[in-house]
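As structure tokens, the structure follows; a few thoughts come after it.
The figures that follow rest on heavy atoms only: side chains count, while hydrogens, waters and symmetry mates do not. Proteins come first, then strands; the chains are lettered A, B, ... in the order of their sequence lines, and each starts at number 1.
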2 protein chains.
Amino acid sequence: MPKKVDPEARRHEVAEAVFRVTRRDGLEHASLRNVAAEAGLAVGSVRHYFEGQTDIMIFAMRHFVDRVGARLLEHVRDRPGPGASADRHVAAFEAALAELLPLDAERREETEVWLAFTVSARTREELRPYAERLYDQTRELVHKVLTAAERTGVLRDGVDADTETERLYALVDGLALHSVLQPGRLDAEGLRAALRRHLDEIMPRAAGR
Amino acid sequence: MPKKVDPEARRHEVAEAVFRVTRRDGLEHASLRNVAAEAGLAVGSVRHYFEGQTDIMIFAMRHFVDRVGARLLEHVRDRPGPGASADRHVAAFEAALAELLPLDAERREETEVWLAFTVSARTREELRPYAERLYDQTRELVHKVLTAAERTGVLRDGVDADTETERLYALVDGLALHSVLQPGRLDAEGLRAALRRHLDEIMPRAAGR
DNA sequence: AAGAATTTAGCACGGTGGTGCTACAAAGGC
DNA sequence: GCCTTTGTAGCACCACCGTGCTAAATTCTT
């Protein structure tokens, strides 16, 4: 039995091809034929690893959600020790949230894919479970940051972590949305400034203004 | 010459059909055939009023942008007189911004269409000019609200209208995005709460907490 | 070497899409 | 009454899509 290829690796390659086509031409062009061409494979080959086109989409989105989720977990782990200064803690929180913004090429591409898939999931029920998982896990990160801030004592008095979660989460996704849809009007600097402004508001720093 | 029908009115009807199909099945299903069926017309009839399918999309999006723009202008007009109390001014600002949120069925439908079209415009250059106009005119509204707040003196000290524009705009669009994509997790009350919380922060009220 | 499982490749069908083109009905001007 | 303009309708063509199916190449096991 020729096990030259790792089936799961092949599927990942196909998923990556789906992402490239989606970024370049939109999700509606991610047909079996276009994806196969993008991956440098024959249509029949691609079909060997998937049940059908819908299966490809589901796999691609699940792969995406897993990947993003894993990356977010990483950045939650490495935070400063309990003895660190308040400003240092705030900086770590800012870094964790910045992970959700398209500040570099990689995360910009990721954001483009995220947008295409989550929006498509509104009218494609087979994708909705994954869109919901992505929503929940991202919200969870934001919530974790805010509760950690609360626990660390850097959250301003009268500011409640639970209440703030949706506001901060919406802000971050709104910034990501604007940056991806209007790259000429909102660059990385603008993103950083808006996020920093928001954090300055709810987590006042000593050194800051 | 039988001028039974007003051609522009017919085009508007077709555009409305495009919106309904888009909301229900997604923009990718807004084909000539589907749209004609949705409008209760024959394909040939629809084609009589448009150059082609692309023309339909362009017209629909332009129509949408114009309509939203007109509605926003209305709500900018009716603000309290210069003698009104500060809290009354803030309430008017909040009402203007609430116009951008999917708080009722009509604006929810509008938001769904907005999302489908603006996202699609990222990879469809013929739609991009209208997406940019929509972005600009909405941003303009947010900016107007903030400068008016600054002029009225209700903006907190140290808060700059220009700097705040992108943050508030992103927050509003982020809320709209979340509410439309995850209707089960963010309802109208949540939207209102987040917006109010933000305004409380940058435009502190006397009566409020 | 032989056989079997895996992988790659492609044909052909039915369905849907946009569009060029034609045919016909309706209605006002001469 | 006739003709021209405007609206309605539909056929036919080609392109693209997903998919059932078949066939061939590849490579490990025995």
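Rounded to a whole Å, the CZ atom of B:Arg10 is 13 Å from the C1' atom of D:dA9. The CZ atom of B:Phe50 sits 16 Å away from the P atom of D:dA9 (whole-angstrom rounding). Taking atom CG of residue A:Asp6 and atom C1' of nucleotide C:dT6, one finds them 14 Å apart after rounding to whole Å. Look at NE2 on A:His48: it is 13 Å from P on C:dA5, rounded to the nearest Å. Here the C1' atom of nucleotide C:dG18 and the CD1 atom of B:Ile56 are 10 Å apart, to the nearest Å.
Classification of A:Arg107 and A:Glu110 as a salt-bridged pair fails, no side-chain N sitting under 4.0 Å from a carboxylate O. In this structure, B:Arg197 does not pair ionically with A:Glu166, as no charged nitrogen and carboxylate oxygen lie closer than 4.0 Å.
Ring-centre distance between B:Tyr169 and B:Tyr135: below the 6.0 Å cut-off.
Within a 6.0 Å radius of CZ in B:Arg24, more than 12 heavy atoms belonging to other residues, nucleotides or ligands are found.
Under the salt bridge (Lys or Arg N to Asp or Glu O under 4.0 Å) criterion, B:Asp66 pairs with B:Arg133, sequence neighbours left out.
Distances shorter than 4.0 Å separate none of the side-chain N or O atoms of B:Tyr49 from OP1 or OP2 on D:dT6.
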Nucleotide by nucleotide, nucleotides 17-23 of chain D touches protein heavy atoms under 4.0 Å in the pattern (B base, S sugar-phosphate only, - none) BBBBB--
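B:His198 has its side chain within reach of B:Ile202: a pair of non-hydrogen atoms, C-beta onward, lies under 4.5 Å apart.
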